[in-house]
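Everything below concerns the one structure shown next.
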Amino acid sequence: MGKIIIFLGPPGAGKGTQSERLIKDYGFIQLSTGDILREAVKNGTELGKKAKQYMDAGQLVPDDIIIGIIKDKLDELKDENIIFDGFPRTIPQAEAFDEMLAKEGKEVDKVILFDVDDEEVVNRLSGRRIDPKTGKTYHIIYNPPPPEIEVIQRDDDKEDVIRKRLEVYHTQTKPLVDYYKKRGKLVVVNANNPPDDVYNQIKEVL
Ligand code: ADP
Ligand code: AMP
């Protein structure tokens with residue numbers, strides 16, 4: 001493994017959008033637990049069957065399942081620079097991750113906190129659309145898809161589930177801010193700004 005970067009922040013903060021840019025411009029690899037879970041749900045695997053009920057309700061999938069996914073993935077990865085997008089999301093996940101990395105003589109390099117207001121998150125997620133063929137993310141107002149592309153909306157991007165996911169972020173994931181601050185890993189970017197500005201802030205950090 002090369003550099004290990006964590007993108008921390010609420011759903012809709014723009015983590016996936018910024019990952020797309022780093023992948024394209026610098027060859028980063030993105031590891032999104034949300035993408036892995038959605039793929040499993042789509043394919044109807046055992047993992048997908050277990051995860052679906054939690055995802056539909058806007059709740060977190062149990063830690064042991066998520067930690068198992070990451071363990072498998074870490075074994076496959078070699079010297080790439082990796083962005084962890086949406087993982088870890090709880091203190092137990094962060095502790096398990098630190099342990100896994102320590103066994104390889106590695107550690108997290110930087111945690112980039114996407115600081116964004118709740119109302120902005122609701123606007124972004126309710127307008128988010130995905131191209132199912134490429135996985136590329138659009139927004140009906142901020143970044144409209146070209147007319148020839150038939151986009152879809154994620155099942156959990158509905159207002160009531162969005163509010164639930166935000167609440168889950170504040171109670172279960174936000175404690176990670178202190179966790180990584182104490183370890184000297186945390187960097188904050190203002191994610192309320194337009195995508196180009198956020199990207200410039202991230203490039204300065206990396
Ligand atoms: P996350 O991966 O953190 O859940 P996304 O990258 O999918 O968030 O972004 C959520 C929505 O907001 C998408 O529709 C995306 O096009 C839009 N978006 C992302 N970054 C910005 C930004 N800086 N300003 C406005 N809209 C944005
Ligand atoms: P995301 O694509 O990051 O918005 O994640 C979508 C959903 O997948 C979340 O609402 C959770 O139900 C689940 N999920 C993704 N990553 C994790 C994680 N690290 N821990 C627990 N649940 C997760």
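Atoms within a ligand are numbered from 1 in the order they appear, just like the ligands themselves. From a predicted model like this one, the values you see are computed outputs, not experimental measurements.
- Among residue pairs with one or both ends in residues 153-188, none qualify as ring-ring contact (aromatic ring centres under 6.0 Å, His included); sequence neighbours excluded.
- A donor-acceptor pair is defined here as one N or O able to donate and one able to accept, closer than 3.5 Å; no such pair exists between the side chain of N81 and the backbone of G2.
- Sorted by first and then second residue, the ring-ring contact (aromatic ring centres under 6.0 Å, His included) pairs involving residues 98-133 (not counting sequence neighbours) are F7-F114.
- When each atom of ligand 1 is checked for a heavy atom of N193 under 4.0 Å away, the hits are 22 (C), 23 (N), 24 (N).
- At distances below 3.5 Å, not a single donor-acceptor pair connects side-chain atoms of E107 with backbone N or O atoms of D98.
- Shown here for P10 and V121, the closest heavy-atom pair between the two residues is CG-CG2, 4.0 Å.
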Exercise. Quick one: do Q30 and D85 satisfy side chain to side chain donor-acceptor pair (under 3.5 Å)? Show the steps, please.
Key: CA-CA 7 Å; Q30 175 204 27; D85 170 358; 2.8 Å; yes

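- Every atom of ligand 1 is numbered from 1 in the order shown, and the set under 4.0 Å from a heavy atom of P11 is 4 (O).
- Closest non-hydrogen pair, I162 versus S126, comes out as CD1-N, 3.7 Å.
- Side-chain N or O atoms of T90 include none that pairs as donor or acceptor with a backbone N or O of Q172 at under 3.5 Å.
- Scanning all protein heavy atoms for the shortest distance to atom 7 (O) of ligand 1 gives R128 NH1, 2.6 Å.
- When the options Q18, R124, R165 are ranked by their closest heavy atom to atom 27 (C) of ligand 1, first place goes to R124.
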Practice problem: Dump the intermediate steps for side-chain contact (heavy atoms from CB on, under 4.5 Å) on F87 and I66, then the final yes or no. | Solution: CA-CA 9 Å; F87 172 88; I66 299 291; 3.5 Å; yes

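- Residues with a heavy atom under 4.0 Å from ligand 2: T33, G34, L37, R38, M55, Q59, L60, V61, I66, G86, F87, R89, Q93, R154, D156, R165.
- Between K15 and ligand 1, at least one pair of N/O atoms sits closer than 3.5 Å.
- Judged purely by atom type and a 3.5 angstrom limit, Q93 uses its side chain to pair as donor or acceptor with the backbone of R89.
- The shortest N or O to N or O distance between A13 and ligand 1 is under 3.5 Å.
- E39 is linked by a side-chain contact (heavy atoms from CB on, under 4.5 Å) to K42, N43, counting only residues two or more places apart in sequence or in another chain.
- For atom 8 (O) of ligand 1, the closest non-hydrogen atom on the protein side is G14 N, 3.2 Å.
- L37 CG to K52 NZ: the interatomic distance, rounded to the nearest 0.5 Å, is 12.5 Å.
- Using a 4.0 Å cut-off between heavy atoms, D197 makes no contact with ligand 1 at all.
- The minimum heavy-atom distance between R128 and Q153, with the atom names listed, is O-CG, 4.1 Å.
- Taking a cut-off of under 4.0 Å to the non-hydrogen atoms of P194, the atoms of ligand 1 that pass are 23 (N).
- If you number the atoms of ligand 1 from 1 as listed, the ones under 4.0 Å from a heavy atom of Y138 come out as 13 (C), 14 (O), 16 (O).
- Residue G12 approaches ligand 1 through these ligand atoms, each under 4.0 Å from one of its heavy atoms: 1 (P), 3 (O), 4 (O), 8 (O), 10 (C).
- Here the closest heavy-atom approach between residue V161 and residue A57 is recorded as CG1-C, 4.2 Å.
- I140 does not count as a contact of ligand 1, since none of its heavy atoms falls under 4.0 Å from the ligand.
- Regarding atom 13 (C) of ligand 1, its nearest protein heavy-atom neighbour is T137 CG2, 3.5 Å.
- Of all the atoms in ligand 1, the ones that sit under 4.0 Å from a non-hydrogen atom of G16 are 1 (P), 2 (O), 6 (O).
- Nearest protein heavy-atom neighbour of atom 26 (N) of ligand 1: Y142 CD1, 3.3 Å.
- Listed by number with element, the atoms of ligand 1 under 4.0 Å from a non-hydrogen atom of P195 are 21 (C), 22 (C), 23 (N), 24 (N).
- Contacts of S19 with ligand 1, taken as heavy-atom pairs under 4.0 Å, are absent altogether.
- Near H139, meaning under 4.0 Å from one of its heavy atoms, ligand 1 places the atoms 14 (O), 16 (O).
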Exercise. Assess whether side-chain contact (heavy atoms from CB on, under 4.5 Å) is satisfied between L206 and D109, documenting all intermediate values.
Key: CA-CA 10 Å; L206 297 180; D109 286 287; over 6 Å; no

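- Looking at atom 9 (O) of ligand 1, its nearest protein heavy atom turns out to be T17 OG1, 3.7 Å.
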